[in-house]
Colleague: 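Input: one structure, supplied below.
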Amino acid sequence: MPKYVSFFSYSSETWGRMISAPGDRTAALRQVLDSVGGSLDAMYWMFGDYDGMVIIDVPDSVTAAAVSVAAGSSGAFKHLETHELFTQEQLGETLARARNTTQVYQPPGQQG
């Protein structure tokens with residue numbers, strides 16, 4: 001199953017609600033992921049540009065996008081971005097395909 005990472009930053013209002021009523025965000029996320037046939041691989045909190053990150057397994061990119069759009073539409077986040085993750089094997093396949101593609105790709109302004 002494909003893996004995705006989402007980096008997020010909560011809004012100040014969300015932090016205020018969490019301070020007033022702390023809860024287990026992993027339980028809430030697991031419930032969402034279960035509803036779409038996915039699972040939570042990891043969740044970490046951090047300081048800096050992002051408040052945290054999650055690594056999730058979901059069936060496909062449309063499902064990952066749906067989860068991201070649903071969460072983003074809640075207004076709880078000031079920033080949310082999701083990226084697909086690739087294994088070393090998938091990177092090897094990507095590079096092999098790129099090698100073949102570079103033989104036919106023509107950069108802008110160099111079309112013949």
Side-chain angles (χ1 to χ4, degrees):
M1 190 172 303
K3 287 190 183 292
Y4 297 84
V5 62
S6 291
F7 295 93
F8 61 89
S9 297
Y10 284 129
S11 68
S12 57
E13 294 83 11
T14 300
W15 276 117
R17 287 192 304 272
M18 289 175 61
I19 289 169
S20 296
D24 183 357
R25 298 311 306 154
T26 57
L29 181 55
R30 280 190 176 101
Q31 183 177 9
V32 169
L33 294 171
D34 285 347
S35 76
V36 296
S39 62
L40 177 62
D41 189 32
M43 182 172 190
Y44 294 98
W45 299 94
M46 62 184 88
F47 298 109
D49 291 336
Y50 300 104
D51 295 326
M53 62 168 278
V54 297
I55 299 173
I56 62 172
D57 300 300
V58 292
D60 52 48
S61 58
V62 172
T63 305
V67 169
S68 185
V69 168
S73 71
S74 72
F77 301 93
K78 68 179 177 184
H79 186 83
L80 176 64
E81 63 183 72
T82 300
H83 303 273
E84 185 171 0
L85 299 174
F86 298 95
T87 64
Q88 183 63 42
E89 182 180 314
Q90 290 170 315
L91 176 61
E93 292 173 21
T94 300
L95 296 174
R97 290 183 191 185
R99 186 179 314 112
N100 295 333
T101 304
T102 58
Q103 297 172 12
V104 296
Y105 175 75
Q106 296 179 2
Q110 295 182 6
Q111 286 88 349

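Here the structure is a predicted model, which is why all the values come from computation and not from measurement.
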Colleague: Report the distance from atom CZ of Arg25 to atom OH of Tyr10, rounding to the nearest 0.5 Å.
Modeller: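 Arg25 CZ to Tyr10 OH: 5.0 Å, rounded to 0.5 Å.
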Colleague: Does a sphere of radius 6.0 Å around CG in Asp49 hold more than 12 heavy atoms from other residues, nucleotides or ligands, not counting ones at 6.0 Å or beyond?
Modeller: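 Result for CG/Asp49: open.
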Colleague: With distance as the sole test, does Gln90 use its side chain to make a donor-acceptor pair with the main-chain N or O of Thr87 at under 3.5 Å?
Modeller: yes
Colleague: Kindly check if the number of other-residue, nucleotide or ligand heavy atoms within 6.0 Å of CZ (Phe47) is above 12?
Modeller: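 Counting other residues, nucleotides and ligands, CZ of Phe47 stays at 12 neighbours or fewer.
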Colleague: Given a cutoff of under 4.5 Å between side-chain heavy atoms of I, L, V, M, F, W and Y, with clusters grown through shared members, what are the other residues clustered with Tyr44?
Modeller: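 Members other than Tyr44 - counting any ILVMFWY side chain reachable under 4.5 Å - are Val5, Phe7, Met46, Tyr50, Met53, Ile55, Leu85.
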Colleague: For a quick test of reading the model, state the closest non-hydrogen atom pair linking Leu40 to Leu33 and the distance between them.
Modeller: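 Minimum heavy-atom separation between Leu40 and Leu33: N-CD1, 3.6 Å.
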Colleague: Which pair of heavy atoms, one from Asp60 and one from Tyr4, lies closest together, and at what distance?
Modeller: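 In this case the closest contact between Asp60 and Tyr4 is C-OH, 3.3 Å.
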Colleague: Using atom types as modelled and distance alone, determine if a side-chain donor or acceptor of Ser74 lies under 3.5 Å from a backbone N or O of Ala71.
Modeller: yes
Colleague: Give a yes or no on whether the backbone of Gly16 and the side-chain of Ser20 come within a donor-acceptor separation of less than 3.5 Å.
Modeller: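 Here the side-chain-to-backbone pair exists.
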Colleague: Mind checking the OG1-CG spacing from Thr101 to Leu95? Nearest 0.5 Å is all I need.
Modeller: 11.0 Å
Colleague: At their closest point, which heavy atom of Thr82 faces which heavy atom of Ser68, and how far apart are they?
Modeller: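 Taking every non-hydrogen atom into account, OG1-OG, 3.2 Å.
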Colleague: Test of understanding: with side-chain contact (heavy atoms from CB on, under 4.5 Å), list the residues that count as partners of Ser35, not counting sequence neighbours.
Modeller: none
Colleague: If hydrophobic clusters are built from ILVMFWY residues whose side chains come within less than 4.5 Å, do Trp15 and Phe77 share one?
Modeller: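 They do share one cluster, since a chain of ILVMFWY contacts under 4.5 Å joins Trp15 to Phe77.
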Colleague: Working to the nearest 0.5 angstrom, can you tell me the gap between Asp24 CG and Met43 CE?
Modeller: 8.5 Å
Colleague: Might you point out which heavy atoms bring Met18 and Trp45 nearest each other, and give the distance in Å?
Modeller: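 It is CE-CH2, 4.1 Å.
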Colleague: Please name the pair of heavy atoms, one in Met1 and one in Pro59, separated by the smallest distance, quoted to 0.1 Å.
Modeller: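 What the structure gives for the nearest pair is SD-N, 3.7 Å.
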Colleague: Roughly how far, to the nearest 0.5 Å, is CD1 of Ile56 from OG of Ser6?
Modeller: 5.0 Å
Colleague: Arg97 vs Thr94, test: side-chain hydrogen bond (donor to acceptor under 3.5 Å, both in side chains). Steps then yes/no.
Modeller: CA-CA 5 Å; Arg97 290 183 191 185; Thr94 300; over 6 Å; no
